[in-house]
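Each remark here refers to the structure printed beneath this line.
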Amino acid sequence: MKDRMTPLERAKAIARGEMADRLPCNPNVANGVARVYGCKISEFNSNARLIAAAQVASYRRFGYDGVRIFTDLFPWAEAMGAKINFPVDNTADLAAPALGDLSDINRLEAADPYKDGRLPVHIEAMKYLIEELGDEVPCAGGIVGPFTNAFFLLGIERMSKLFFTNPEVIHRACEVSLETCIRYAQAIIDVGLTPTISEPMSSCTIVGPRHFREFGEPYIKKLVHYITNQGNPVTMHICGKTEKIWEDIVAMGIAGFSVDNVVDLQKCKEQVGDRVKILGHVDPSAVMYAGTPADVRAAVIKCVQQAWDSPKGYVIMSGCSLPVETPFTNIEAMMETAREIGYPIDPEKLDKMLR
Amino acid sequence: MSDIKSKLLLDLADSVVNMDEEQTVELAKNYIAHNLDPYEGINQGLALGMDRAGTLYEEEEYFIPELLMCSDAMYAGLDVLRPHLKQDNLEDNHKIVIGVVQGDTHDIGKNLVKIMLETTGFEVIDLGRDVPPLDFVNTAKEIKADIIALSTLMTTTMEGMQEVIRLLEGENLQNQIKVMIGGGPISKGFADKIGAYYAGDASKAAVLAQSLVKEV
(Lines give C-alpha, C1' and ligand atoms only; values in the text may rest on other atoms or scores of the structure.)
Protein backbone atom coordinates (compact mmCIF):
# COMPACT_ATOMS: atom_id res chain seq x y z
CA MET A 1 0.00 0.00 0.00
CA LYS A 2 1.13 3.55 -0.66
CA ASP A 3 0.73 6.53 1.62
CA ARG A 4 -1.47 9.28 0.22
CA MET A 5 -0.09 12.01 2.47
CA THR A 6 3.32 13.11 3.64
CA PRO A 7 3.97 12.72 7.38
CA LEU A 8 3.65 16.49 7.84
CA GLU A 9 0.32 16.64 5.97
CA ARG A 10 -0.89 13.69 8.02
CA ALA A 11 0.16 15.18 11.36
CA LYS A 12 -1.50 18.51 10.53
CA ALA A 13 -4.72 16.90 9.31
CA ILE A 14 -5.07 14.72 12.40
CA ALA A 15 -4.29 17.66 14.69
CA ARG A 16 -7.11 19.63 13.01
CA GLY A 17 -9.51 16.72 13.27
CA GLU A 18 -9.60 16.36 9.48
CA MET A 19 -9.44 13.23 7.36
CA ALA A 20 -6.09 11.43 7.07
CA ASP A 21 -4.85 8.28 5.34
CA ARG A 22 -3.60 6.53 8.49
CA LEU A 23 -2.26 7.00 12.02
CA PRO A 24 1.30 8.28 12.27
CA CYS A 25 3.75 5.42 12.75
CA ASN A 26 7.39 5.58 13.82
CA PRO A 27 9.30 2.30 14.15
CA ASN A 28 12.25 4.24 15.68
CA VAL A 29 14.94 2.72 13.47
CA ALA A 30 17.90 4.48 15.20
CA ASN A 31 21.34 3.26 14.11
CA GLY A 32 19.72 0.59 11.98
CA VAL A 33 19.64 3.34 9.33
CA ALA A 34 23.27 2.35 8.69
CA ARG A 35 22.02 -1.04 7.50
CA VAL A 36 19.58 0.63 5.11
CA TYR A 37 22.13 3.07 3.75
CA GLY A 38 25.05 0.65 3.75
CA CYS A 39 27.66 2.21 6.01
CA LYS A 40 29.40 1.44 9.29
CA ILE A 41 27.87 2.93 12.44
CA SER A 42 31.24 4.38 13.47
CA GLU A 43 31.17 6.51 10.31
CA PHE A 44 28.44 8.51 12.05
CA ASN A 45 31.00 9.72 14.60
CA SER A 46 32.55 12.27 12.29
CA ASN A 47 30.49 12.48 9.13
CA ALA A 48 27.47 14.77 9.44
CA ARG A 49 26.45 14.34 5.81
CA LEU A 50 26.40 10.59 6.25
CA ILE A 51 24.24 10.73 9.40
CA ALA A 52 21.68 12.79 7.48
CA ALA A 53 21.96 10.70 4.30
CA ALA A 54 21.36 7.47 6.23
CA GLN A 55 18.33 8.98 7.98
CA VAL A 56 16.96 10.13 4.63
CA ALA A 57 17.56 6.73 3.01
CA SER A 58 15.73 4.90 5.79
CA TYR A 59 12.83 7.38 5.72
CA ARG A 60 12.53 7.01 1.94
CA ARG A 61 12.54 3.25 2.20
CA PHE A 62 9.95 2.83 4.95
CA GLY A 63 7.96 6.10 4.87
CA TYR A 64 7.64 6.50 8.63
CA ASP A 65 6.47 9.62 10.43
CA GLY A 66 9.51 11.09 12.11
CA VAL A 67 13.24 11.40 11.59
CA ARG A 68 15.73 12.25 14.30
CA ILE A 69 19.42 12.97 14.68
CA PHE A 70 20.44 10.81 17.61
CA THR A 71 23.13 8.13 17.46
CA ASP A 72 23.63 7.06 21.08
CA LEU A 73 23.21 8.23 24.68
CA PHE A 74 26.66 9.71 25.16
CA PRO A 75 27.57 12.72 22.96
CA TRP A 76 26.77 15.20 25.79
CA ALA A 77 28.72 13.35 28.48
CA GLU A 78 31.54 12.88 25.97
CA ALA A 79 31.54 16.61 25.25
CA MET A 80 31.92 17.13 29.01
CA GLY A 81 34.85 14.74 29.37
CA ALA A 82 33.49 11.18 29.48
CA LYS A 83 35.36 8.46 27.56
CA ILE A 84 33.31 6.55 25.01
CA ASN A 85 33.83 3.20 23.29
CA PHE A 86 33.20 3.39 19.57
CA PRO A 87 32.75 -0.08 18.07
CA VAL A 88 33.31 -0.14 14.32
CA ASP A 89 29.78 -1.18 13.50
CA ASN A 90 27.69 -0.93 16.62
CA THR A 91 26.27 1.71 18.92
CA ALA A 92 28.72 3.67 21.08
CA ASP A 93 28.90 3.06 24.79
CA LEU A 94 30.31 4.65 27.92
CA ALA A 95 33.88 3.61 28.78
CA ALA A 96 34.58 6.00 31.66
CA PRO A 97 32.53 8.81 33.23
CA ALA A 98 33.54 12.46 32.86
CA LEU A 99 34.47 12.76 36.49
CA GLY A 100 37.27 10.60 37.89
CA ASP A 101 37.72 12.17 41.27
CA LEU A 102 34.55 13.48 42.90
CA SER A 103 36.47 16.39 44.39
CA ASP A 104 36.81 17.74 40.83
CA ILE A 105 33.04 18.27 40.65
CA ASN A 106 33.40 22.05 40.52
CA ARG A 107 35.67 21.83 37.48
CA LEU A 108 32.91 20.18 35.48
CA GLU A 109 31.77 22.55 32.74
CA ALA A 110 28.79 22.66 30.44
CA ALA A 111 29.54 21.67 26.85
CA ASP A 112 29.53 24.01 23.87
CA PRO A 113 27.35 22.44 21.17
CA TYR A 114 29.39 24.13 18.44
CA LYS A 115 32.77 23.00 19.73
CA ASP A 116 32.81 19.98 22.01
CA GLY A 117 32.98 16.31 21.06
CA ARG A 118 30.55 15.08 18.40
CA LEU A 119 27.93 17.74 19.17
CA PRO A 120 28.92 19.98 16.21
CA VAL A 121 28.69 16.94 13.89
CA HIS A 122 25.15 16.29 15.06
CA ILE A 123 24.10 19.93 14.72
CA GLU A 124 25.52 19.97 11.20
CA ALA A 125 23.67 16.73 10.39
CA MET A 126 20.44 18.39 11.52
CA LYS A 127 20.97 21.17 8.95
CA TYR A 128 21.29 18.64 6.12
CA LEU A 129 18.32 16.67 7.40
CA ILE A 130 15.94 19.60 7.52
CA GLU A 131 17.14 20.86 4.13
CA GLU A 132 16.31 17.51 2.60
CA LEU A 133 13.15 16.49 4.46
CA GLY A 134 11.93 19.55 6.35
CA ASP A 135 8.91 20.11 4.12
CA GLU A 136 7.57 16.57 4.33
CA VAL A 137 8.38 14.93 7.68
CA PRO A 138 8.79 16.18 11.27
CA CYS A 139 12.55 16.45 11.96
CA ALA A 140 13.79 16.11 15.51
CA GLY A 141 17.05 16.51 17.36
CA GLY A 142 17.47 14.05 20.21
CA ILE A 143 18.78 15.08 23.62
CA VAL A 144 19.60 12.90 26.57
CA GLY A 145 18.00 14.61 29.56
CA PRO A 146 20.01 16.21 32.38
CA PHE A 147 19.38 13.48 34.95
CA THR A 148 20.40 10.57 32.72
CA ASN A 149 23.39 12.52 31.46
CA ALA A 150 24.49 13.13 35.06
CA PHE A 151 24.82 9.35 35.46
CA PHE A 152 27.34 9.35 32.63
CA LEU A 153 29.24 12.24 34.21
CA LEU A 154 29.50 10.58 37.62
CA GLY A 155 29.43 6.92 36.61
CA ILE A 156 26.24 4.89 36.72
CA GLU A 157 27.02 2.75 39.73
CA ARG A 158 28.75 5.53 41.62
CA MET A 159 25.88 7.97 41.14
CA SER A 160 23.42 5.30 42.30
CA LYS A 161 25.23 5.16 45.63
CA LEU A 162 25.71 8.92 45.89
CA PHE A 163 21.92 9.26 46.26
CA PHE A 164 22.52 7.96 49.77
CA THR A 165 25.95 9.31 50.57
CA ASN A 166 26.49 12.64 48.77
CA PRO A 167 23.35 14.23 47.30
CA GLU A 168 25.08 17.63 46.82
CA VAL A 169 27.42 16.15 44.20
CA ILE A 170 24.45 14.80 42.24
CA HIS A 171 22.67 18.14 42.30
CA ARG A 172 25.82 19.86 41.06
CA ALA A 173 26.25 17.32 38.24
CA CYS A 174 22.59 17.71 37.26
CA GLU A 175 22.93 21.49 37.17
CA VAL A 176 25.92 21.44 34.81
CA SER A 177 24.24 18.71 32.84
CA LEU A 178 21.11 20.86 32.50
CA GLU A 179 23.14 23.78 31.17
CA THR A 180 24.60 21.51 28.48
CA CYS A 181 21.10 20.28 27.57
CA ILE A 182 19.73 23.82 27.38
CA ARG A 183 22.52 25.01 25.09
CA TYR A 184 22.07 21.98 22.85
CA ALA A 185 18.28 22.40 22.79
CA GLN A 186 18.76 26.01 21.70
CA ALA A 187 21.12 24.87 18.93
CA ILE A 188 18.47 22.38 17.73
CA ILE A 189 15.79 25.07 17.76
CA ASP A 190 18.09 27.50 15.93
CA VAL A 191 18.56 25.00 13.11
CA GLY A 192 14.79 24.64 12.89
CA LEU A 193 14.24 21.16 14.32
CA THR A 194 12.24 20.09 17.36
CA PRO A 195 14.06 18.79 20.44
CA THR A 196 12.99 15.42 21.86
CA ILE A 197 14.19 14.21 25.24
CA SER A 198 15.31 10.69 26.19
CA GLU A 199 15.52 10.02 29.92
CA PRO A 200 16.18 6.27 30.28
CA MET A 201 17.67 6.47 33.78
CA SER A 202 14.50 8.15 35.11
CA SER A 203 12.72 4.84 34.64
CA CYS A 204 11.35 3.10 37.73
CA THR A 205 13.15 0.02 36.42
CA ILE A 206 16.31 1.84 37.51
CA VAL A 207 15.58 4.62 39.99
CA GLY A 208 12.74 4.93 42.48
CA PRO A 209 10.17 7.73 42.34
CA ARG A 210 11.63 9.28 45.51
CA HIS A 211 15.07 9.80 43.97
CA PHE A 212 13.54 10.78 40.63
CA ARG A 213 11.51 13.51 42.30
CA GLU A 214 14.44 14.80 44.32
CA PHE A 215 17.22 14.66 41.70
CA GLY A 216 15.71 14.15 38.25
CA GLU A 217 12.41 15.93 37.95
CA PRO A 218 13.51 19.48 38.94
CA TYR A 219 16.16 19.57 36.20
CA ILE A 220 14.20 17.76 33.50
CA LYS A 221 11.30 20.11 34.13
CA LYS A 222 13.54 23.13 33.57
CA LEU A 223 14.70 21.71 30.24
CA VAL A 224 11.10 21.02 29.17
CA HIS A 225 10.06 24.55 30.12
CA TYR A 226 13.03 26.06 28.30
CA ILE A 227 11.93 24.34 25.11
CA THR A 228 8.16 24.78 25.44
CA ASN A 229 8.49 28.46 26.37
CA GLN A 230 9.76 29.03 22.83
CA GLY A 231 6.65 27.47 21.40
CA ASN A 232 8.06 24.01 20.70
CA PRO A 233 6.17 20.91 21.76
CA VAL A 234 8.40 18.33 23.47
CA THR A 235 8.16 14.57 23.29
CA MET A 236 9.88 12.58 26.00
CA HIS A 237 10.84 8.92 25.97
CA ILE A 238 11.56 6.96 29.13
CA CYS A 239 12.52 3.29 28.89
CA GLY A 240 11.22 0.70 31.32
CA LYS A 241 8.54 1.09 33.94
CA THR A 242 7.16 4.58 34.46
CA GLU A 243 3.68 4.19 35.91
CA LYS A 244 4.63 5.58 39.31
CA ILE A 245 5.95 8.82 37.78
CA TRP A 246 3.34 9.38 35.01
CA GLU A 247 1.76 12.28 36.84
CA ASP A 248 5.15 13.91 37.47
CA ILE A 249 6.12 13.57 33.80
CA VAL A 250 2.85 14.92 32.45
CA ALA A 251 2.90 17.82 34.93
CA MET A 252 6.16 19.01 33.32
CA GLY A 253 4.08 20.11 30.35
CA ILE A 254 5.35 17.76 27.66
CA ALA A 255 3.27 17.34 24.52
CA GLY A 256 4.11 13.69 23.81
CA PHE A 257 5.07 10.75 26.00
CA SER A 258 6.74 7.74 24.39
CA VAL A 259 6.38 4.63 26.51
CA ASP A 260 8.25 1.35 26.79
CA ASN A 261 6.57 -1.96 25.98
CA VAL A 262 6.58 -2.97 29.69
CA VAL A 263 3.99 -0.25 30.35
CA ASP A 264 0.24 -0.94 30.34
CA LEU A 265 -0.67 1.17 27.30
CA GLN A 266 -4.40 1.23 27.94
CA LYS A 267 -3.94 2.26 31.54
CA CYS A 268 -1.50 4.96 30.45
CA LYS A 269 -4.08 6.29 28.00
CA GLU A 270 -6.80 6.24 30.63
CA GLN A 271 -4.69 8.01 33.24
CA VAL A 272 -2.78 10.66 31.28
CA GLY A 273 -4.09 10.53 27.70
CA ASP A 274 -6.26 13.58 28.39
CA ARG A 275 -3.15 15.70 28.86
CA VAL A 276 -0.48 14.23 26.61
CA LYS A 277 -0.18 12.50 23.25
CA ILE A 278 0.87 8.87 23.70
CA LEU A 279 3.42 7.11 21.53
CA GLY A 280 4.14 3.41 21.75
CA HIS A 281 4.80 0.61 22.31
CA VAL A 282 5.53 -2.37 20.06
CA ASP A 283 8.19 -4.55 21.74
CA PRO A 284 11.48 -3.72 19.97
CA SER A 285 13.14 -6.94 21.09
CA ALA A 286 10.70 -9.88 21.26
CA VAL A 287 8.48 -8.63 18.43
CA MET A 288 10.40 -6.28 16.13
CA TYR A 289 13.79 -7.98 16.34
CA ALA A 290 12.93 -11.60 17.12
CA GLY A 291 9.35 -11.89 15.82
CA THR A 292 7.85 -12.55 12.40
CA PRO A 293 5.97 -10.01 10.24
CA ALA A 294 2.75 -11.67 11.46
CA ASP A 295 3.81 -11.09 15.09
CA VAL A 296 4.52 -7.46 14.24
CA ARG A 297 1.11 -7.05 12.61
CA ALA A 298 -0.69 -8.49 15.63
CA ALA A 299 1.34 -6.36 18.05
CA VAL A 300 0.60 -3.15 16.13
CA ILE A 301 -3.13 -3.91 16.04
CA LYS A 302 -3.16 -4.61 19.78
CA CYS A 303 -1.41 -1.31 20.51
CA VAL A 304 -3.89 0.58 18.34
CA GLN A 305 -6.81 -1.16 20.05
CA GLN A 306 -5.56 0.07 23.40
CA ALA A 307 -4.67 3.65 22.58
CA TRP A 308 -6.26 4.88 19.30
CA ASP A 309 -8.93 6.86 21.13
CA SER A 310 -6.49 8.63 23.42
CA PRO A 311 -7.92 12.18 23.77
CA LYS A 312 -4.66 13.99 22.94
CA GLY A 313 -3.75 11.64 20.13
CA TYR A 314 -1.81 8.46 19.55
CA VAL A 315 1.20 7.50 17.44
CA ILE A 316 2.16 3.90 16.67
CA MET A 317 5.77 3.50 17.77
CA SER A 318 8.25 0.95 19.03
CA GLY A 319 8.74 0.80 22.80
CA CYS A 320 12.35 1.90 22.36
CA SER A 321 14.97 2.29 19.61
CA LEU A 322 15.07 -0.80 17.41
CA PRO A 323 18.05 -3.16 17.63
CA VAL A 324 20.43 -2.50 14.75
CA GLU A 325 19.81 -5.91 13.18
CA THR A 326 16.00 -5.71 13.19
CA PRO A 327 14.79 -7.36 9.94
CA PHE A 328 13.62 -4.83 7.33
CA THR A 329 10.61 -7.06 6.70
CA ASN A 330 9.43 -6.42 10.27
CA ILE A 331 9.82 -2.66 9.91
CA GLU A 332 7.86 -2.86 6.64
CA ALA A 333 5.20 -4.99 8.37
CA MET A 334 4.79 -2.31 11.04
CA MET A 335 4.23 0.39 8.41
CA GLU A 336 1.97 -1.83 6.29
CA THR A 337 -0.20 -2.63 9.30
CA ALA A 338 -0.63 1.07 10.02
CA ARG A 339 -1.71 1.54 6.36
CA GLU A 340 -4.04 -1.46 6.52
CA ILE A 341 -5.69 -0.13 9.69
CA GLY A 342 -6.29 3.20 7.96
CA TYR A 343 -8.08 6.22 9.40
CA PRO A 344 -10.35 7.01 11.12
CA ILE A 345 -9.96 3.95 13.31
CA ASP A 346 -12.72 1.36 13.16
CA PRO A 347 -12.58 -0.81 16.31
CA GLU A 348 -14.57 -3.60 14.63
CA LYS A 349 -12.11 -3.70 11.79
CA LEU A 350 -9.28 -4.06 14.32
CA ASP A 351 -11.04 -7.05 15.89
CA LYS A 352 -11.51 -8.62 12.48
CA MET A 353 -7.88 -8.08 11.58
CA LEU A 354 -6.84 -10.11 14.61
CA ARG A 355 -9.07 -13.06 13.76
CA MET B 1 18.72 -22.96 66.75
CA SER B 2 19.91 -20.90 69.70
CA ASP B 3 18.13 -17.62 70.37
CA ILE B 4 21.30 -15.61 69.91
CA LYS B 5 22.01 -17.27 66.59
CA SER B 6 18.57 -16.77 65.13
CA LYS B 7 18.57 -13.19 66.35
CA LEU B 8 21.96 -12.50 64.78
CA LEU B 9 20.91 -14.09 61.48
CA LEU B 10 17.79 -11.95 61.41
CA ASP B 11 19.81 -8.84 62.26
CA LEU B 12 22.30 -9.63 59.50
CA ALA B 13 19.49 -9.94 56.99
CA ASP B 14 17.88 -6.74 58.29
CA SER B 15 21.08 -4.75 58.08
CA VAL B 16 21.57 -5.84 54.44
CA VAL B 17 17.98 -4.85 53.63
CA ASN B 18 18.52 -1.54 55.46
CA MET B 19 21.60 -0.85 53.31
CA ASP B 20 23.71 -0.45 56.46
CA GLU B 21 27.23 -1.49 55.59
CA GLU B 22 28.83 -0.61 58.93
CA GLN B 23 26.21 -2.39 60.96
CA THR B 24 26.47 -5.47 58.75
CA VAL B 25 30.21 -5.63 59.41
CA GLU B 26 29.69 -5.25 63.18
CA LEU B 27 27.02 -7.93 63.21
CA ALA B 28 29.18 -10.30 61.15
CA LYS B 29 32.08 -9.84 63.59
CA ASN B 30 29.74 -10.42 66.52
CA TYR B 31 28.39 -13.53 64.77
CA ILE B 32 31.91 -14.97 64.39
CA ALA B 33 32.76 -13.99 67.97
CA HIS B 34 29.91 -16.26 69.08
CA ASN B 35 31.56 -19.15 67.22
CA LEU B 36 28.59 -19.59 64.92
CA ASP B 37 28.68 -21.32 61.53
CA PRO B 38 29.82 -18.82 58.87
CA TYR B 39 28.13 -20.79 56.08
CA GLU B 40 24.75 -20.34 57.73
CA GLY B 41 25.62 -16.72 58.40
CA ILE B 42 26.01 -16.21 54.67
CA ASN B 43 23.07 -18.27 53.50
CA GLN B 44 20.52 -17.55 56.20
CA GLY B 45 21.71 -14.07 57.09
CA LEU B 46 23.34 -12.07 54.31
CA ALA B 47 21.83 -13.89 51.33
CA LEU B 48 18.42 -13.89 52.94
CA GLY B 49 18.73 -10.13 53.30
CA MET B 50 19.69 -9.86 49.63
CA ASP B 51 16.72 -12.08 48.76
CA ARG B 52 14.38 -9.81 50.66
CA ALA B 53 15.93 -6.81 48.89
CA GLY B 54 15.26 -8.62 45.59
CA THR B 55 11.63 -9.11 46.59
CA LEU B 56 11.36 -5.43 47.46
CA TYR B 57 12.75 -4.69 43.99
CA GLU B 58 10.11 -6.88 42.36
CA GLU B 59 7.47 -5.10 44.41
CA GLU B 60 8.88 -1.76 43.21
CA GLU B 61 9.68 -0.68 46.74
CA TYR B 62 13.41 -0.88 46.07
CA PHE B 63 15.21 0.13 42.87
CA ILE B 64 18.69 -0.33 41.42
CA PRO B 65 20.39 2.22 43.74
CA GLU B 66 18.87 0.55 46.82
CA LEU B 67 19.95 -2.89 45.56
CA LEU B 68 23.50 -1.64 45.03
CA MET B 69 23.64 -0.32 48.58
CA CYS B 70 22.28 -3.63 49.87
CA SER B 71 24.87 -5.54 47.86
CA ASP B 72 27.65 -3.33 49.27
CA ALA B 73 26.45 -4.14 52.77
CA MET B 74 26.24 -7.80 51.89
CA TYR B 75 29.75 -7.86 50.36
CA ALA B 76 31.13 -6.12 53.45
CA GLY B 77 29.56 -8.86 55.60
CA LEU B 78 30.87 -11.55 53.25
CA ASP B 79 34.41 -10.21 53.65
CA VAL B 80 34.10 -10.82 57.40
CA LEU B 81 32.52 -14.27 57.21
CA ARG B 82 34.32 -15.78 54.22
CA PRO B 83 37.75 -16.29 55.83
CA HIS B 84 36.06 -18.44 58.48
CA LEU B 85 34.46 -20.85 56.01
CA LYS B 86 35.82 -24.37 56.03
CA GLN B 87 36.88 -25.32 52.54
CA ASP B 88 34.64 -28.41 52.39
CA ASN B 89 31.62 -26.24 53.01
CA LEU B 90 32.05 -24.77 49.56
CA GLU B 91 30.19 -26.57 46.85
CA ASP B 92 32.82 -25.87 44.29
CA ASN B 93 31.84 -28.64 41.91
CA HIS B 94 29.50 -26.44 39.91
CA LYS B 95 30.98 -23.65 37.88
CA ILE B 96 29.41 -20.79 36.00
CA VAL B 97 31.02 -18.42 33.55
CA ILE B 98 29.28 -15.06 33.66
CA GLY B 99 29.69 -11.82 31.77
CA VAL B 100 28.11 -8.98 29.84
CA VAL B 101 28.00 -9.57 26.10
CA GLN B 102 30.28 -7.65 23.78
CA GLY B 103 28.95 -4.21 22.93
CA ASP B 104 27.52 -3.57 26.36
CA THR B 105 29.28 -2.20 29.39
CA HIS B 106 26.37 -2.12 31.82
CA ASP B 107 27.13 -4.60 34.54
CA ILE B 108 24.81 -3.78 37.44
CA GLY B 109 22.48 -6.67 36.61
CA LYS B 110 25.34 -9.06 35.98
CA ASN B 111 26.92 -8.22 39.35
CA LEU B 112 23.67 -8.88 41.18
CA VAL B 113 23.28 -12.24 39.45
CA LYS B 114 26.86 -13.08 40.36
CA ILE B 115 26.19 -12.32 44.04
CA MET B 116 23.10 -14.49 44.01
CA LEU B 117 24.92 -17.36 42.30
CA GLU B 118 27.87 -17.15 44.68
CA THR B 119 25.68 -17.15 47.75
CA THR B 120 23.84 -20.22 46.50
CA GLY B 121 27.15 -22.07 46.30
CA PHE B 122 28.34 -21.76 42.71
CA GLU B 123 31.88 -20.98 41.75
CA VAL B 124 31.45 -18.01 39.46
CA ILE B 125 34.07 -16.94 36.94
CA ASP B 126 33.36 -13.35 36.00
CA LEU B 127 34.63 -12.28 32.58
CA GLY B 128 33.43 -8.72 33.18
CA ARG B 129 31.72 -6.62 30.56
CA ASP B 130 31.95 -6.19 26.81
CA VAL B 131 33.00 -9.84 26.41
CA PRO B 132 33.35 -11.41 22.91
CA PRO B 133 31.17 -14.54 22.42
CA LEU B 134 34.18 -16.80 21.80
CA ASP B 135 35.70 -15.91 25.19
CA PHE B 136 32.65 -17.28 27.00
CA VAL B 137 32.89 -20.58 25.18
CA ASN B 138 36.66 -20.93 25.52
CA THR B 139 36.61 -20.18 29.26
CA ALA B 140 33.69 -22.51 29.85
CA LYS B 141 35.52 -25.35 28.06
CA GLU B 142 38.76 -24.67 29.88
CA ILE B 143 37.29 -24.79 33.39
CA LYS B 144 34.58 -27.36 32.53
CA ALA B 145 31.76 -25.01 33.45
CA ASP B 146 28.16 -26.24 33.76
CA ILE B 147 26.57 -22.97 32.74
CA ILE B 148 27.29 -19.81 30.81
CA ALA B 149 25.30 -16.82 32.10
CA LEU B 150 24.93 -13.87 29.73
CA SER B 151 23.60 -10.49 30.67
CA THR B 152 22.77 -7.41 28.65
CA LEU B 153 20.96 -4.14 29.01
CA MET B 154 21.18 -3.22 25.36
CA THR B 155 19.18 -4.60 22.48
CA THR B 156 22.24 -4.13 20.28
CA THR B 157 24.07 -7.02 21.90
CA MET B 158 21.45 -9.72 21.54
CA GLU B 159 23.14 -11.11 18.42
CA GLY B 160 26.15 -11.90 20.60
CA MET B 161 24.01 -14.13 22.82
CA GLN B 162 22.90 -16.14 19.83
CA GLU B 163 26.49 -16.36 18.67
CA VAL B 164 27.54 -17.99 21.97
CA ILE B 165 24.93 -20.70 21.41
CA ARG B 166 26.00 -21.19 17.80
CA LEU B 167 29.59 -21.63 18.92
CA LEU B 168 28.55 -24.22 21.51
CA GLU B 169 26.46 -26.08 18.95
CA GLY B 170 29.38 -25.96 16.54
CA GLU B 171 31.38 -27.97 19.06
CA ASN B 172 28.40 -30.07 20.08
CA LEU B 173 28.62 -28.77 23.65
CA GLN B 174 25.10 -27.34 23.95
CA ASN B 175 23.92 -30.17 26.20
CA GLN B 176 26.91 -30.07 28.53
CA ILE B 177 27.07 -26.30 28.89
CA LYS B 178 23.69 -24.66 29.38
CA VAL B 179 23.25 -21.01 28.53
CA MET B 180 21.09 -18.74 30.66
CA ILE B 181 20.36 -15.17 29.65
CA GLY B 182 18.75 -12.11 31.19
CA GLY B 183 18.70 -8.35 31.26
CA GLY B 184 16.45 -5.46 30.31
CA PRO B 185 15.59 -6.20 26.68
CA ILE B 186 15.63 -10.00 27.02
CA SER B 187 12.33 -11.83 26.93
CA LYS B 188 11.44 -15.47 27.41
CA GLY B 189 10.42 -15.46 23.76
CA PHE B 190 13.87 -14.39 22.67
CA ALA B 191 15.54 -16.96 24.96
CA ASP B 192 13.33 -19.74 23.57
CA LYS B 193 14.10 -18.63 20.04
CA ILE B 194 17.85 -18.89 20.43
CA GLY B 195 17.77 -22.00 22.67
CA ALA B 196 18.73 -20.39 25.97
CA TYR B 197 17.18 -20.46 29.42
CA TYR B 198 15.56 -17.23 30.59
CA ALA B 199 16.14 -15.63 33.97
CA GLY B 200 13.77 -12.78 34.75
CA ASP B 201 15.89 -11.32 37.55
CA ALA B 202 18.85 -12.05 39.80
CA SER B 203 17.11 -14.24 42.35
CA LYS B 204 15.34 -16.20 39.60
CA ALA B 205 18.74 -16.66 37.94
CA ALA B 206 20.04 -18.39 41.07
CA VAL B 207 17.02 -20.71 41.25
CA LEU B 208 17.29 -21.46 37.53
CA ALA B 209 21.01 -22.24 37.79
CA GLN B 210 20.36 -24.71 40.62
CA SER B 211 17.69 -26.49 38.62
CA LEU B 212 19.93 -26.60 35.54
CA VAL B 213 22.77 -28.38 37.34
CA LYS B 214 20.30 -30.80 38.90
CA GLU B 215 19.05 -31.66 35.41
CA VAL B 216 22.53 -32.64 34.24
Side-chain angles (χ1 to χ4, degrees), chain A residues 30-32 41 72-73 84-85 87 89-96 151 156-165 170 200-201 203-212 215 239-241 243-244 260-262 283-292 295 318-326, chain B residues 18-22 56-73 100-112 129-130 132 152-163 181-196 198 200-201:
Chain A
N31 277 342
I41 291 169
D72 55 87
L73 297 172
I84 310 298
N85 282 326
D89 203 14
N90 216 327
T91 299
D93 206 354
L94 185 67
F151 276 89
I156 296 169
E157 195 165 327
R158 186 165 64 176
M159 174 152 152
S160 301
K161 293 176 189 172
L162 290 170
F163 287 130
F164 302 93
T165 57
I170 299 187
M201 301 302 280
S203 151
C204 307
T205 307
I206 314 257
V207 169
R210 182 170 68 93
H211 289 140
F212 171 75
F215 298 99
C239 310
K241 296 177 190 167
E243 187 175 336
K244 291 189 171 179
D260 192 297
N261 45 286
V262 300
D283 188 329
S285 147
V287 175
M288 292 302 292
Y289 169 75
T292 63
D295 297 334
S318 301
C320 199
S321 294
L322 292 183
V324 171
E325 312 297 347
T326 300
Chain B
N18 295 333
M19 304 177 265
D20 194 332
E21 190 174 326
E22 278 172 37
L56 287 169
Y57 178 73
E58 279 172 31
E59 292 168 352
E60 293 183 62
E61 295 295 328
Y62 271 18
F63 303 88
I64 297 284
E66 285 80 3
L67 283 188
L68 284 170
M69 297 301 282
C70 292
S71 77
D72 273 8
V100 179
V101 185
Q102 189 168 35
D104 193 350
T105 55
H106 302 91
D107 58 4
I108 294 172
K110 183 264 293 172
N111 291 340
L112 292 173
R129 24 186 224 181
D130 201 16
T152 190
L153 245 188
M154 300 174 69
T155 50
T156 47
T157 60
M158 289 161 63
E159 285 281 302
M161 295 186 157
Q162 192 155 13
E163 180 62 19
I181 66 176
I186 303 303
S187 58
K188 179 154 191 320
F190 174 72
D192 290 345
K193 183 186 171 184
I194 68 167
Y198 172 69
D201 62 35

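Keep in mind the model is a prediction, meaning the values are calculated, not measured. The sequence lines fix the lettering, A, B, ..., with proteins before strands; numbering per chain opens at 1. Keep in mind that the numbers below use all heavy atoms, side chains included, and drop hydrogens, waters and symmetry copies.
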- Interchain contact, A/Thr165 with chain B, by part (heavy-atom threshold 4.5 Å):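 Only the side chain of A/Thr165 comes within 4.5 Å of chain B.
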- Message: Between B/Tyr57 and chain A, with a heavy-atom cut-off of 4.5 Å, which part of the residue counts as in contact: side chain, backbone, both or neither?
- Response: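 Only the side chain of B/Tyr57 comes within 4.5 Å of chain A.
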- Query: Do the two ring centres, one from A/Phe215 and one from A/Phe163, sit under 6.0 Å apart?
  - Reply: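 Yes: the rings meet the under 6.0 Å criterion.
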- Item | Top contributor to chain B contacts, counting heavy-atom pairs under 4.5 Å, from A/Pro209, A/Gly240, A/Ala30, A/Cys239 |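 Heavy-atom pair counts peak at A/Pro209.
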- Any Lys/Arg nitrogen of A/Lys241 or A/Asp260 sitting under 4.0 Å from an Asp/Glu carboxylate oxygen of the other?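 Judged by the 4.0 Å cut-off on N to carboxylate O distance, A/Lys241 and A/Asp260 do not form a salt bridge.
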- What distance separates A/Met159 CE from B/Leu68 CG, expressed to the nearest 0.5 Å?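 Here the interatomic distance stands at 12.5 Å.
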- Query: Are side-chain N/O atoms of A/Asn31 and A/Thr91 paired as donor and acceptor at under 3.5 Å?
  - Reply: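 Per modelled atom types, A/Asn31 and A/Thr91 side chains form a pair under 3.5 Å.
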